[in-house]
Visitor: 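Below is a structure I'd like to ask you about.
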Amino acid sequence: MDRRIAIIGAGPVGLVLALRLATLGVPSLVLEAEADISEDLRASTFHPPTLDMLGELGLADALIAQGLVTPTWQIRRHEDGARAVFDLSVLKDDTAHPYRLQAEQWKLSRLLLAKLRAEHAGTVEIRFGCPVESVAQDADGVTLSGPGFDPIRVPYAVGCDGARSVVRRAMGLDFPGDTYPETTILATTEFDFAQVFEGLSNVNYIWTQHPAFSGTFSLLRVPGKWRASLYPAPGETVEDALRPEAIERKLQAIHPKGTPYDVPDLRPYRIHQRIVETYRIGRLVLAGDAAHLNSPSGGMGMNGGIHDAMELAATLASIWRGEAEAALLDRYTRRRRPIAEKEIIAQADRNRARMRETDPARRAAMLSDLQRVAGDPAAAREHLLRSSMIAGLRAAAAVA
């Protein structure tokens with residue numbers, strides 16, 4: 001028996017879990033199918049409590065140095081620039097980081113990997129190019145096998161291996177939920193939209209009536225680039241919407257600048273809301289996208305996975321010290337699953353539904369209400385405690 005905790009997946013969730021376990025004195029083995037950290041277009045928003053957690057791990061300052069501190073975010077009407085702006089400084093007494101940070105998730109993964117190799121090489125082993133293809137458990141342990149390594153037997157295995165999790169399949173769990181009908185097209189450009197739109201934040205969810213869109217788009221800034229989330233227009237196929245001329249048409253509809261946009265990155269993806277019935281069966285446990293998927297509206301998916309990892313690390317460390325296994329692992333599900341279901345998935349779904357609204361009168365009423373909330377410090381704080389995921393973490397911590 002290899003006494004280490006096996007972690008399947010070296011994304012930010014798996015690497016946070018490995019680092020937190022290491023700081024608690026628990027060894028781990030990380031197995032990753034890819035040859036290196038993926039730098040694909042993925043999450044880019046870090047919420048205040050996530051930055052607080054990364055501060056505990058000694059990584060917040062280094063990540064902040066590579067990102068954009070974003071004190072406000074907004075919901076905006078494109079045609080006239082009317083907007084509701086939420087200022088996270090009202091959370092100054094609730095968090096050490098009263099702002100969002102805009103930085104690509106791979107930057108965190110690189111920082112985690114460097115810290116693990118420099119400071120915890122004796123406690124954490126990370127193997128890239130090692131896909132896990134078989135996971136089998138019994139009462140005493142878990143056996144893992146794959147083409148890149150000899151079979152390994154470990155006391156526990158954690159699936160941080162995303163939506164197609166091999167660990168979840170080995171647990172025999174369904175992944176119930178829905179797939180939204182629309183396809184999101186994420187396009188990046190170096191053009192600085194903040195120079196042409198008054199009062200733009202680094203995070204903007206935008207209503208539009210322009211026929212090139214299906215009612216909405218978003219503009220999120222990362223260092224040196226803007227990310228535009230676009231959607232096929234009514235009657236436009238995904239294939240047609242991905243054509244360079246269609247992307248150009250949509251970006252010119254956002255701002256007609258006269259010369260073509262340079263679009264170095266383009267990624268289409270479907271959006272899901274799904275969650276497993278339990279995060280743990282026997283000695284197999286799930287965290288992050290392997291356990292729950294949600295709309296990216298609000299930027300809560302990666303953050304929720306990191307919160308899973310921090311909770312799970314403390315749980316596994318207590319088991320390592322000899323505390324009751326079943327009770328603690330079951331508590332992990334009780335603490336994290338309801339928050340994912342009622343706070344992350346439900347809130348992201350509401351965010352999506354709000355931005356998919358097309359009726360001008362209803363949009364106007366929504367915007368007026370959002371402006372009222374944003375303009376009232378007490379109401380804004382309550383809203384931001386939820387949208388920044390602080391309220392959910394506090395509720396989870398109260399679960400025995």
Visitor: Do I7 and L24 share a hydrophobic cluster, counting only Ile, Leu, Val, Met, Phe, Trp and Tyr and linking them when any side-chain heavy atoms are less than 4.5 Å apart?
Guide: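 Shared cluster, no.
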Visitor: Other than L385, which residues form its hydrophobic cluster under the rule that side-chain heavy atoms must be closer than 4.5 Å?
Guide: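 The other cluster members (ILVMFWY side chains, heavy atoms under 4.5 Å, direct or chained) are W73, I75, F86, L88, V90, L91, V203, Y205, W207, L220, M355, M366, L367, L370, V373, L384, I390.
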Visitor: Atom OG1 in T188, atom CD in E104: separation rounded to 0.5 Å?
Guide: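 The OG1 atom of T188 sits 9.5 Å away from the CD atom of E104.
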Visitor: State the OG1-CD1 distance between T183 and I271, to the nearest 0.5 angstrom.
Guide: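 So the OG1 of T183 and the CD1 of I271 are separated by 8.5 Å.
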Visitor: With rounding to the nearest 0.5 Å, note down the distance linking CG in L21 to OG in S28.
Guide: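 Here the interatomic distance stands at 5.5 Å.
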Visitor: Is any side-chain heavy atom of E343 closer than 4.5 Å to one of R386?
Guide: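 Yes. Closest side-chain heavy atoms under 4.5 Å.
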Visitor: CD of E190: more than 12 outside heavy atoms within 6.0 angstrom?
Guide: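 For E190, atom CD is not crowded (no more than 12 foreign heavy atoms under 6.0 Å).
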Visitor: Going through the checks in order, is the salt bridge (Lys or Arg N to Asp or Glu O under 4.0 Å) test met by R381 and D93?
Guide: CA-CA 10 Å; R381 176 176 173 271; D93 295 328; over 6 Å; no
Visitor: Find out whether D94 and R394 are in side-chain contact, i.e. whether some heavy atom of one side chain is under 4.5 Å from a heavy atom of the other.
Guide: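 A side-chain contact exists here, since the closest heavy-atom pair is under 4.5 Å.
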Visitor: Taking atom CD of E79 as the centre, report whether more than 12 heavy atoms of other residues, nucleotides or ligands fall under 6.0 Å from it.
Guide: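 Count over threshold, so yes.
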Visitor: For D40, does the CG atom sit with more than 12 other heavy atoms under 6.0 Å from it, leaving out its own atoms?
Guide: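 More than 12 heavy atoms, drawn from other residues, nucleotides or ligands, come within 6.0 Å of this atom.
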Visitor: Hey, are the side chains of S387 and Q347 touching, using non-hydrogen atoms and a 4.5 Å cut-off?
Guide: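 Yes; the side chains approach each other to less than 4.5 Å.
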Visitor: Determine which pairs satisfy salt bridge (charged side-chain N to carboxylate O under 4.0 Å, His left out) with at least one residue from residues 251-265, sequence neighbours left out, and list them in order.
Guide: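 Pairs touching residues 251-265 that pass the test: K225-D265.
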Visitor: First locate atom OG1 of T50, then atom CG of N303, and finally report the distance between them rounded to the nearest 0.5 Å.
Guide: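 Rounded to the nearest 0.5 Å, the OG1-CG separation comes to 3.5 Å.
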Visitor: Is there a side-chain contact between I126 and E32 (heavy atoms, below 4.5 Å)?
Guide: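 No, every pair of side-chain atoms sits at 4.5 Å or beyond.
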Visitor: Do V13 and L116 land in one hydrophobic cluster if side-chain heavy atoms of ILVMFWY residues count as linked below 4.5 Å?
Guide: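 No, because V13 and L116 fall into different hydrophobic clusters, even though each may have its own neighbours under 4.5 Å.
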Visitor: One pair to check against side chain to side chain contact (heavy atoms under 4.5 Å, CB included): Q137 and T143. What are the steps and the verdict?
Guide: CA-CA 6 Å; Q137 70 166 322; T143 301; over 6 Å; no
Visitor: Please determine if R283 forms a cation-pi arrangement with Y156, meaning its NZ or CZ atom is less than 6.0 Å from the six-membered ring centre and no more than 45° off the ring axis.
Guide: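 Yes, a cation-pi geometry holds between R283 and Y156.
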Visitor: With side-chain hydrogen bond (donor to acceptor under 3.5 Å, both in side chains) as the criterion, how do S388 and H47 come out once you've worked through the C-alpha distance, each side chain's angles and the decisive distance to 0.1 Å?
Guide: CA-CA 6 Å; S388 297; H47 285 295; 4.5 Å; no
Visitor: Kindly give the heavy-atom pair with the smallest separation between H97 and I64, and that separation in Å.
Guide: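 Heavy-atom minimum between the residues: CD2-CD1, 3.8 Å.
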Visitor: Please tell me whether M389 and L101 are part of a single hydrophobic cluster in this structure, the criterion being side-chain heavy atoms less than 4.5 Å apart.
Guide: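 Per the 4.5 Å side-chain linkage, M389 and L101 are not co-clustered.
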Visitor: If you group Ile, Leu, Val, Met, Phe, Trp and Tyr by side-chain heavy-atom gaps below 4.5 Å, do M300 and L186 land in one group?
Guide: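 They do not share one cluster, since no chain of ILVMFWY contacts under 4.5 Å joins M300 to L186.
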Visitor: Please lay out, stage by stage, how M53 and R20 fare under the test side chain to side chain contact (heavy atoms under 4.5 Å, CB included).
Guide: CA-CA 10 Å; M53 293 174 183; R20 186 56 174 158; over 6 Å; no
Visitor: Between R337 and T278, does the side chain to side chain contact (heavy atoms under 4.5 Å, CB included) criterion hold? Intermediate values first, please.
Guide: CA-CA 7 Å; R337 188 186 182 282; T278 178; 5.9 Å; no
Visitor: Keeping to residues at least two apart or across chains, list the ring pair (Phe, Tyr, Trp, His ring centres under 6.0 Å) pairs with something in residues 293-314.
Guide: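 Residue pairs with at least one partner in residues 293-314: there are none.
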Visitor: Kindly give the heavy-atom pair with the smallest separation between A22 and H120, and that separation in Å.
Guide: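 The answer is CB-ND1, 3.6 Å.
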Visitor: Check this for me: E277, atom CD, are more than 12 non-hydrogen atoms of other residues, nucleotides or ligands nearer than 6.0 Å?
Guide: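 No, not enclosed.
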Visitor: Distance-only, no hydrogens or angles: does the T237 side chain make a donor-acceptor pair with backbone N or O of D240 under 3.5 Å?
Guide: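 Indeed, once roles are kept as given, a pair shorter than 3.5 Å links the two residues.
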Visitor: Cation-pi check for Y332 against R335: NZ or CZ below 6.0 Å from the six-membered ring centre and within 45 degrees of the axis, yes or no?
Guide: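 No, R335 does not lie over the aromatic ring of Y332.
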Visitor: If the condition is salt bridge (Lys or Arg N to Asp or Glu O under 4.0 Å), which residues does E323 pass it with, not counting sequence neighbours?
Guide: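 Not a single residue meets the salt bridge (Lys or Arg N to Asp or Glu O under 4.0 Å) criterion with E323.
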Visitor: Any sub-3.5 Å donor-acceptor pair from E133's side-chain atoms to G146's backbone N or O?
Guide: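 Looks like no, no N/O pair under 3.5 Å.
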Visitor: Would a distance-only check, ignoring hydrogens and angles, find a side-chain to backbone donor-acceptor pair under 3.5 Å from S38 to E34?
Guide: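 No.
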Visitor: Let me see the working for S295 and Y180 under side chain to side chain contact (heavy atoms under 4.5 Å, CB included), right down to the final yes or no.
Guide: CA-CA 9 Å; S295 165; Y180 293 122; 4.0 Å; yes
Visitor: Step by step, would you call E182 with R270 a salt bridge (Lys or Arg N to Asp or Glu O under 4.0 Å)?
Guide: CA-CA 7 Å; E182 68 271 10; R270 298 293 299 274; over 6 Å; no
Visitor: Measuring only between side-chain heavy atoms, which start at C-beta, is Q209 closer than 4.5 Å to R363?
Guide: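 Yes. Closest side-chain heavy atoms under 4.5 Å.
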Visitor: Counting C-beta onward and ignoring hydrogens, is there a side-chain heavy-atom pair between P147 and P131 closer than 4.5 Å?
Guide: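 They are in contact (side-chain heavy atoms under 4.5 Å apart), so the answer is yes.
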Visitor: Check the pair R110 / D36 against salt bridge (Lys or Arg N to Asp or Glu O under 4.0 Å), numbers first and verdict last.
Guide: CA-CA 10 Å; R110 292 280 183 209; D36 197 0; 3.0 Å; yes
Visitor: Any side-chain heavy atom of V124 within less than 4.5 Å of one from V30?
Guide: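 V124 vs V30: side chains touch.
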Visitor: What pairs of residues pass the salt bridge (charged side-chain N to carboxylate O under 4.0 Å, His left out) test when at least one of them lies in residues 140-168, not counting sequence neighbours?
Guide: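 As it turns out, the salt bridge (charged side-chain N to carboxylate O under 4.0 Å, His left out) pairs with a partner in residues 140-168, which skip direct neighbours, are D138-R153.
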Visitor: Any idea which heavy atoms bring A396 and R336 closest together, and the distance?
Guide: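 Taking A396 first and R336 second, the nearest heavy atoms are CB-NH1, 4.5 Å.
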Visitor: Tell me, with the steps shown, if H292 and D308 meet side-chain hydrogen bond (donor to acceptor under 3.5 Å, both in side chains).
Guide: CA-CA 11 Å; H292 49 83; D308 289 346; 2.7 Å; yes
Visitor: Give the minimum heavy-atom separation between L29 and R127, together with the two atoms involved.
Guide: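 Minimum heavy-atom contact is CD1-NE, 3.7 Å.
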Visitor: Side-chain donor-acceptor pair under 3.5 Å between T184 and S229, yes or no?
Guide: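 Side-chain D/A pair, T184 to S229: absent.
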Visitor: Tell me which one of M302, K107, R42 satisfies side-chain contact (heavy atoms from CB on, under 4.5 Å) with P12.
Guide: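 For P12, the side-chain contact (heavy atoms from CB on, under 4.5 Å) check succeeds only for M302.
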Visitor: Does atom CD (E245) have a neighbourhood of more than 12 heavy atoms from anything else shown, all under 6.0 Å?
Guide: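 Count over threshold, so yes.
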Visitor: Minimum heavy-atom separation for P155 to W320, with atom names?
Guide: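 P155 and W320 have their closest heavy atoms at CG-CZ3, 4.3 Å.
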Visitor: Using a side-chain heavy atom cutoff under 4.5 Å and only I, L, V, M, F, W and Y, what cluster partners does L266 have?
Guide: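 Members besides L266, by chain and number: I185, F191, F193, V196, F197, L200, I206, F213, F217, L219, W226, L230, V238, L242, I247, L251, I254, Y261, V263.
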Visitor: Roughly how far, to the nearest 0.5 Å, is OG1 of T95 from CG of L51?
Guide: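 If I round to the nearest 0.5 Å, the distance is 7.0 Å.
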Visitor: Can you give me the closest heavy-atom contact between A157 and V142, atom names plus distance?
Guide: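 Answer, listing the atom of A157 first, then V142: CB-CG1, 4.0 Å.
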Visitor: At what distance, to the nearest 0.5 angstrom, does CG of L57 lie from CG of L111?
Guide: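 Going from CG on L57 over to CG on L111, the span is 11.5 Å.
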Visitor: Taking a hydrophobic cluster as the set of Ile, Leu, Val, Met, Phe, Trp and Tyr residues connected by side-chain heavy atoms closer than 4.5 Å, whether directly or through intermediates, do F46 and L19 fall within one such cluster?
Guide: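 Yes.
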Visitor: Is there side-chain contact between L312 and Y279, with heavy atoms separated by less than 4.5 Å?
Guide: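 Not in contact.
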